[in-house]
Amino acid sequence: MIEHDDGTRTPVIDASVHIFFGSNRDLRDVLREPFKSRGFPDYEMDWYGAPGGEYAPGTEGPDGQYPGSDPDVVGRHLFEHRGVDIAVLHPMSRGIMPDRHLGSALAAAHNEMLVSRWLEHPEFGERFRGTIRINPDDIPGALREIDKYKDHPRVVQLGIPLQSRELFGKPQFWPLWEAAIEAQLPVAAHIEVGAGIASAPTPSGVPNTYEQYAGFMALNYLYHLMNMIAEGVFERMPELKFVWADGAADLLTPFMWRMDCFGRPHLEQTPWAPKMPSDYLPGHVYFVQGALDGPGDTEFAGEWLGFTGKDDMVLYGSSYPHWQLNDLSLPSSYTAEQRDKLYWRNAAELYGIAVPVGV
């Protein structure tokens, strides 16, 4: 828990903690042949490393392992130093591989690591929750991973790369979303580390610096979300929940206003999605909110969060161990209710997490 300036205390659910293998050798020790000896991108092959370093100081393992790879180090940082009560872990894999079978093998290895090292950790396991990685390029393989882990008590969502060569509303992905509903798990789309074969990060091609990439990349959720609405995914699957795990909730309002504007006179073109586009947001769409999103500490920040119902959609996420390591400070114009929703209530409801009472 953390204590606020007004003396109240709030539980904290960190909905975006990134975990890794300690090294490529460590990953290969978990992979099985014929994939163990295959080539795949290193975590560092993202082309857009942050100036000054991708990760926060002190997040490496005790013997120099990759940042975010040691459960003891991560647990102490989150639970003892940062006031986090529950951490939702998101294994970072390698994006979309040319060979879909290799991509599924990499996802499976990260899932094995997540469950055996983190969710069943003797000291911190009860405070970790997990994201099972699935490969949307390999539907049968993804369905096998869902079936393997869906009943684990600490698995709370499915994870896919935000990078994709196809929009997520298209019918080839529907079996995945239907399986997620059956497993009662939301789906989280996160920008992947490790360069796969996804399309350019912007519709106009490849930017050349980190600031351009970081500014543009999260926008890709809008293309997926608008396509899912227009394709009638949420009409067809009213229990589906999607988490856009790289922020950019601040961009939702203007784009949804625009989609409603164009959608209102053209609903006859999508009879399978008869509602106004914005009507499909509540209960379906969530965002992990970082310190970099939104207008900052302004007098209208709380009002802006309330537009389009965003205050019911945002979840706090630190992006640990990445360099920004989003802190727990919020704009002063957020109401106490908005603050509680962001820190823990929305995540607790979405993931079915019990938190201490009497706060």
> Kindly give the heavy-atom pair with the smallest separation between Ala347 and Ile13, and that separation in Å.
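For Ala347 versus Ile13, the nearest heavy atoms are CB-CG2, 3.8 Å.
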> Please step through ring pair (Phe, Tyr, Trp, His ring centres under 6.0 Å) for the pair His110 and Phe21, ending with a clear verdict.
CA-CA 8 Å; His110 283 78; Phe21 276 98; 5.0 Å; yes
> Please step through side chain to side chain contact (heavy atoms under 4.5 Å, CB included) for the pair Met228 and Phe234, ending with a clear verdict.
CA-CA 7 Å; Met228 295 176 78; Phe234 296 122; 3.9 Å; yes
> If hydrophobic clusters are built from ILVMFWY residues whose side chains come within less than 4.5 Å, do Leu27 and Val115 share one?
yes
> For Asp279 and Asp260, run side chain to side chain contact (heavy atoms under 4.5 Å, CB included): C-alpha distance rounded to whole Å, both residues' side-chain angles, the deciding distance at 0.1 Å, then the answer.
CA-CA 9 Å; Asp279 289 339; Asp260 278 356; over 6 Å; no
> Do the side chain of Trp174 and the main chain of Met237 share a donor and acceptor less than 3.5 angstrom apart?
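A pair under 3.5 Å: no.
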> Tell me whether His18 contacts the main-chain N or O of Pro321 through its side chain, where contact means a donor paired with an acceptor under 3.5 Å.
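Not confirmed, His18 side chain does not pair with Pro321 backbone.
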> Could you tell me which non-hydrogen atom of Phe168 sits nearest to which non-hydrogen atom of Pro161, and how far apart they are?
CZ-O, 3.4 Å
> Using the rule that Ile, Leu, Val, Met, Phe, Trp and Tyr join whenever any side-chain heavy atoms are under 4.5 Å apart, tell me whether Ile134 and Leu143 fall into a single cluster.
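Both belong to a single hydrophobic cluster.
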> Taking the side chain from Asn135 and the backbone from Arg100, do they hold a donor-acceptor pair closer than 3.5 Å?
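A pair under 3.5 Å: yes.
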> Can you find a heavy atom in the side chain of Ser93 that is under 4.5 Å from one in the side chain of Glu192?
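Yes, side chains in contact.
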> May I ask you to check whether over 12 heavy atoms, not counting those of Gln172, lie within 6.0 Å of atom CD?
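Enclosed.
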> Strictly under 6.0 Å, is that where the ring centroids of Tyr221 and Phe287 end up?
yes
> So does Glu33 pair up with Arg28, basic N to acidic O under 4.0 Å?
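Salt bridge flag = no for Arg28 with Glu33.
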> Check this for me, if you would: do Asp26 and Arg117 make a salt bridge, where the nitrogen-to-carboxylate-oxygen distance has to be below 4.0 angstrom?
yes
> Closest heavy-atom contact between Glu235 and Lys275?
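That closest heavy-atom pairing would be OE1-CE, 3.7 Å.
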> Can Ser104 and Arg133 be said to form a side chain to side chain donor-acceptor pair (under 3.5 Å), step by step?
CA-CA 9 Å; Ser104 291; Arg133 298 307 309 270; over 6 Å; no
> Is it true that Arg38 and Asp99 have a side-chain N and a carboxylate O under 4.0 angstrom from each other?
yes
> For Glu80, look at atom CD and say whether over 12 heavy atoms of other residues, nucleotides or ligands are found less than 6.0 Å away.
yes
> Should Tyr213 and Val206 be regarded as members of a common hydrophobic cluster, given that ILVMFWY residues are connected when their side-chain heavy atoms come within less than 4.5 Å of each other, either directly or indirectly?
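They do share one cluster, since a chain of ILVMFWY contacts under 4.5 Å joins Tyr213 to Val206.
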> Verify, without hydrogens or angle tests, whether Lys241 (side chain) and Gly283 (backbone) share a donor-acceptor contact under 3.5 angstrom.
yes
> Checking side chain to side chain contact (heavy atoms under 4.5 Å, CB included) for the pair Phe307/Leu252: CA distance, chi angles, key distance, verdict?
CA-CA 9 Å; Phe307 286 161; Leu252 177 70; over 6 Å; no
> Verify salt bridge (Lys or Arg N to Asp or Glu O under 4.0 Å) between Asp137 and Arg165, making sure each step is shown before the conclusion.
CA-CA 9 Å; Asp137 259 16; Arg165 291 172 293 173; 2.3 Å; yes
> Kindly indicate whether the side chain of Ser164, heavy atoms from C-beta on, has any atom under 4.5 Å from the side chain of Ile96.
no
> Is a donor on one side and an acceptor on the other found under 3.5 Å between the side chain of Asp250 and the backbone of Pro295?
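No: the side chain of Asp250 does not pair with the backbone of Pro295.
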> Do you know which two heavy atoms are closest between Ala109 and Leu31, and how far apart they sit?
CB-CD2, 3.9 Å
> Does Asn346 reach the main-chain N or O of Val314 with its side chain, forming a donor-acceptor pair under 3.5 Å?
yes
> Check whether Arg129 reaches the backbone of Leu89 with its side chain - one donor and one acceptor, N or O, closer than 3.5 Å.
no
> What distance do Leu225 atom CG and Tyr280 atom OH have between them, rounded to the nearest 0.5 Å?
12.5 Å
> Would you check if Ile229 and Val233 make a side-chain contact, meaning some heavy-atom pair closer than 4.5 Å?
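Sidechains of Val233 and Ile229: no contact.
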> Measure the NE2-OG distance between His77 and Ser318 for me, rounded to the nearest 0.5 Å.
11.5 Å
> Are Glu349 and Arg345 within salt-bridge range, i.e. N to O under 4.0 Å?
no
> CG/Leu330 to OG1/Thr335 distance, rounded to the nearest 0.5 angstrom?
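Going from the CG atom of Leu330 to the OG1 atom of Thr335 covers 10.5 Å.
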> Only one of Ile132, Val187, Thr131 passes side-chain contact (heavy atoms from CB on, under 4.5 Å) with Gln157; say which it is.
Thr131
> Do other residues, nucleotides or ligands put more than 12 heavy atoms under 6.0 Å from Glu126 CD?
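Counting neighbours around CD of Glu126, 12 or fewer heavy atoms of other residues, nucleotides or ligands fall under 6.0 Å, so no.
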> Under the side chain to side chain donor-acceptor pair (under 3.5 Å) rule, what do Asn220 and Gln163 come out as? Steps first, then yes or no, please.
CA-CA 8 Å; Asn220 283 277; Gln163 298 99 317; over 6 Å; no
> Is the backbone of Asp72 close enough, under 3.5 Å, to the side chain of Glu123 for a donor and an acceptor to pair up by distance?
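Side chain of Glu123 to backbone of Asp72: no pair is present.
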> Using atom types as modelled and distance alone, determine if a side-chain donor or acceptor of Ser333 lies under 3.5 Å from a backbone N or O of Gly302.
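Side chain of Ser333 to backbone of Gly302, a donor-acceptor pair under 3.5 Å: yes, one is there.
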> Under the criterion side chain to side chain contact (heavy atoms under 4.5 Å, CB included), I'd like the reasoning laid out for Ile19 against His90: C-alpha separation, chi angles, the key distance, then a yes or no.
CA-CA 6 Å; Ile19 64 171; His90 197 111; over 6 Å; no
> Could you walk me through whether Arg32 and Glu112 pass the salt bridge (Lys or Arg N to Asp or Glu O under 4.0 Å) test, one step at a time?
CA-CA 12 Å; Arg32 299 165 182 83; Glu112 188 173 331; 3.2 Å; yes
> Can any side-chain N or O of Thr202 pair as donor or acceptor with the backbone N or O of Gly205 at less than 3.5 Å?
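A pair under 3.5 Å: yes.
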> Around atom CD of Glu337, are there more than 12 heavy atoms from other residues, nucleotides or ligands closer than 6.0 Å?
no
> Is there a path of hydrophobic side-chain contacts, each under 4.5 Å between heavy atoms of I/L/V/M/F/W/Y residues, joining Leu167 to Leu219?
no
> Work out which heavy atom in Phe255 is nearest to a heavy atom in Leu251; give both atom names and the distance.
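The pair with the smallest heavy-atom distance is CD1-O, 3.2 Å.
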> For the residue pair Ile191 and Met92, what are the closest heavy atoms and their distance?
O-CE, 3.3 Å
> Quick one: is the NZ or CZ of Arg154 closer than 6.0 Å to the six-membered ring centre of Phe128, and within 45° of its axis?
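No, Arg154 does not sit over the ring of Phe128.
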> What I'd like to find out is whether the side chain of Leu281 reaches to under 4.5 Å of the side chain of Met313, using heavy atoms alone.
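A side-chain contact under 4.5 Å exists here.
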> Centroid separation under 6.0 Å, is that true for the rings of Phe242 and His224?
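No.
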> Apply the ring pair (Phe, Tyr, Trp, His ring centres under 6.0 Å) test between Tyr55 and each candidate in Tyr320, Trp323, Phe20; give the one that qualifies.
Phe20
> I'd like to know if Lys170 and Glu166 make a salt bridge, using a cut-off of under 4.0 Å between side-chain N and carboxylate O.
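Result for this pair is yes, salt bridge flagged.
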> What distance do Glu211 atom CD and Phe216 atom CZ have between them, rounded to the nearest 0.5 Å?
10.0 Å
> Sequence neighbours left out, what passes side-chain hydrogen bond (donor to acceptor under 3.5 Å, both in side chains) with Tyr316? Give chain and number order.
Arg82
> Please confirm whether the ring centroid of Phe124 lies under 6.0 Å from the ring centroid of His121.
yes
